[in-house]
2 protein chains.
Amino acid sequence: MWVILARCRPVVNRRVGWVGGTIAGVPPRAYRRLENEERRRQLVERATELFGEYGYEELSMSRIAREAGISKPLLYHYFPGKRALFAAALQSAAEELGAATTPDPSRPPAEQVAASLLAFLDWIDRHRAAYGKLLRSLAVAEVRELIDDVRDRTVQQILDGLNPQGGGDGPAARAAVQGWLWSIDGACLAWIEGDLDLTPQQMQGMLLGGLGGALTGAGASLPAPA
Amino acid sequence: MWVILARCRPVVNRRVGWVGGTIAGVPPRAYRRLENEERRRQLVERATELFGEYGYEELSMSRIAREAGISKPLLYHYFPGKRALFAAALQSAAEELGAATTPDPSRPPAEQVAASLLAFLDWIDRHRAAYGKLLRSLAVAEVRELIDDVRDRTVQQILDGLNPQGGGDGPAARAAVQGWLWSIDGACLAWIEGDLDLTPQQMQGMLLGGLGGALTGAGASLPAPA
DNA sequence: TGGGCTTGCTGACCGACGGTCGACAGCGAT
DNA sequence: ATCGCTGTCGACCGTCGGTCAGCAAGCCCA
């Protein structure tokens, strides 16, 4: 009885007492003990599916725990917070994407960009729903830094490719490339959500045109046409 | 006593009783009664400042109410929800921006785009912090639809301007224009947060280049150079 | 077979959020 | 003076992300 009262009034402002697992005849849930690494893998896998289906905001930690058949504190035992869990799920999904889009460093930079872009668009074409959900979670503060990091690295990579050959690395080129990366997301969103009848190749052509035009407008240029 | 118990256990699942305003000798706060419209104006004004300073997520309704010197229920009396309050604040801010960027319909479409874009960039240059906060709130679900609406209308406007003269209105052109709108935000973010040393005119040149390139890549084109 | 020991795992809890309920009180009309 | 309108309030709800401290599965050693 005092338990209920203690729960009611947080007067003391800190934990007052502890009752123990089983009250009122409700038996604790049966559970399977798993190896640390195995549980972790299972959680990342399940979270990846769920985040891909519901996005970041629409999915609560309680729900993830329930869907994975475990308790919420266990989820927090494996991941320090929702952001970290999302990061793990994102990284797991990004590995496949990353492997597919890593350019061949022996090709000219413009070709590398074109090839990466096409691989990226192909991947999106096969994972439309999940990509849309991800994009829509983009500015959620907890998620933003993750994506910002990836974008910053990509911007630098493209600028590095441009620089030696004769492209520019002024502030305008940097703004152009970052803007271009955003334009990819915006165009892909129109493509996916607007159900536009476009092949990845058509998207690639349009986007490469945009990059070339922006760089030209910024006083730089792509070293060679793709 | 039973009231406290009722608070503890939401068994009945609905309000059970009411105690009355002043308990335990805490006097209700003194307040000033304002005209409906005046209060509303005050709240929108204060909310606009606060959202511009803290963004959408980092600002709670409780905080807004506190900063405005009123209670939370009163805030909800004037606005049905946080999203609506944000919309009101956004609209109030957007009126100034909208007035500044409305193009002269008697000019050729390409000039209209160029002029609107430059006005937009000038405005951003003067409201850097608030624009950054807004952009960073962009995908917050509650806010998204608002911005999506504006973007959709802008896309259609640009496509309409393109169409009669000889530009295209295929799916590729639509994706190109929507992507271009995103690229504006991305480039502006790099401009603002990266403290890039660029004038609005340089940004304009770069962005118009991107639009032209993307449209060319999509098989359309800007009717006339700006 | 039965004790310990490790550590994977649990229910109950916290503060803050967005949002709602029904009573109170400022103030012009009478 | 008092009455009604309605602007305003404190207390409350359900859910969120996150935390606390004890329970117990399953291996080890007798």
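Below, chain A is the first sequence line, B the second, and so on; all start at residue 1. Worth saying up front: this structure is predicted, and the values here are computed from it rather than measured.
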Can you check the [X] [atom1] to [N] [atom2] distance for me, whole Å?
{"X": "B:Ile64", "N": "C:dA16", "atom1": "CD1", "atom2": "P", "value": "17 Å"}
{"X": "B:Tyr54", "N": "C:dC17", "atom1": "OH", "atom2": "P", "value": "13 Å"}
{"X": "B:Glu58", "N": "C:dG18", "atom1": "CD", "atom2": "C1'", "value": "16 Å"}
{"X": "A:Arg40", "N": "C:dG8", "atom1": "CZ", "atom2": "P", "value": "12 Å"}
{"X": "A:Arg83", "N": "D:dG18", "atom1": "CZ", "atom2": "C1'", "value": "16 Å"}
{"X": "B:Glu57", "N": "C:dG18", "atom1": "CD", "atom2": "P", "value": "10 Å"}
{"X": "A:Ile70", "N": "D:dA25", "atom1": "CD1", "atom2": "P", "value": "17 Å"}
{"X": "B:Met61", "N": "D:dG10", "atom1": "CE", "atom2": "P", "value": "17 Å"}

Regarding B:Lys82 and the six-membered ring of B:Tyr76, is the cationic atom NZ or CZ under 6.0 Å from the ring centre and inside 45° of its axis?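 Negative - B:Lys82 is either too far from the ring of B:Tyr76 or too far off its axis.
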Could you tell me whether A:Arg128 sits above the aromatic face of A:Trp191, with NZ or CZ closer than 6.0 angstrom to the six-membered ring centre and within 45 degrees of the axis?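 Checked: cation-pi criterion met.
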So if I take residues 73-81 of chain B and measure heavy-atom distances to DNA chain C, which residues fall below 4.0 Å?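 The stretch gives B:Pro73, B:Tyr76, B:Gly81 as the residues lying under 4.0 Å from the strand, ordered by number.
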Please, which pairs that meet salt bridge (charged side-chain N to carboxylate O under 4.0 Å, His left out) have at least one residue in residues 37-52 of chain B, sequence neighbours excluded?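 As it turns out, the salt bridge (charged side-chain N to carboxylate O under 4.0 Å, His left out) pairs with a partner in residues 37-52 of chain B, which skip direct neighbours, are B:Arg46-B:Glu49, B:Arg46-B:Glu67.
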Presence of donor-acceptor pair under 3.5 Å, side chain of B:Lys72 and base of C:dG18: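 Answer yes: a donor N or O sits under 3.5 Å from an acceptor.
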Donor-acceptor pair, [X] side chain versus [Y] backbone, under 3.5 Å?
{"X": "B:Trp180", "Y": "B:Leu207", "value": "yes"}
{"X": "A:Trp123", "Y": "A:Leu118", "value": "no"}
{"X": "A:Gln202", "Y": "A:Thr199", "value": "yes"}

With respect to the side chain of [X], which nucleotide from [options] is positioned closest?
{"X": "B:Ser71", "options": "D:dC9, C:dG8, D:dG18", "result": "D:dC9"}
{"X": "B:Ser60", "options": "D:dG18, C:dC17, D:dC9", "result": "C:dC17"}
{"X": "B:Leu34", "options": "D:dT8, D:dG17, C:dC17", "result": "D:dT8"}

So what does B:Leu85 hit on the nucleic acid, given a heavy-atom distance under 4.0 Å: a base, only sugar-phosphate, or nothing?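 The residue B:Leu85 makes no contact with any strand.
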Every protein N/O lying under 3.5 Å from an N/O of nucleotides 26-30 of chain C:
unit_1 : atom_1 : unit_2  : atom_2 : d
C:dG26 : N2     : B:Arg33 : NH1    : 3.1
C:dG26 : N2     : B:Arg33 : NH2    : 2.9
C:dG26 : N3     : B:Arg33 : NH1    : 2.8

Between A:Arg39 and C:dC9, is there a side-chain N or O to OP1/OP2 distance below 4.0 Å?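 Affirmative; the distance criterion is met.
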So, is A:Asn36 close to the C:dT7 phosphate, meaning a side-chain N or O under 4.0 Å from OP1 or OP2?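 Result: no.
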If you count heavy atoms of other groups shown closer than 6.0 angstrom to CG of A:Asp197, is the number above 12?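 Count not over threshold, so no.
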Check this for me: A:Gln91, atom CD, are more than 12 non-hydrogen atoms of other residues, nucleotides or ligands nearer than 6.0 Å?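 No, the 6.0 Å shell around CD holds no more than 12 heavy atoms from other groups.
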Side-chain H-bond candidate by donor/acceptor type, B:Asp160 with B:Gln156, under 3.5 Å: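 A donor-acceptor contact under 3.5 Å links the two side chains.
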Say whether A:Tyr131 and A:Asp125, considering side chains only, have a donor N or O and an acceptor N or O under 3.5 Å apart.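 No, because no side-chain N or O of A:Tyr131 sits under 3.5 Å from a partner of the opposite role on A:Asp125.
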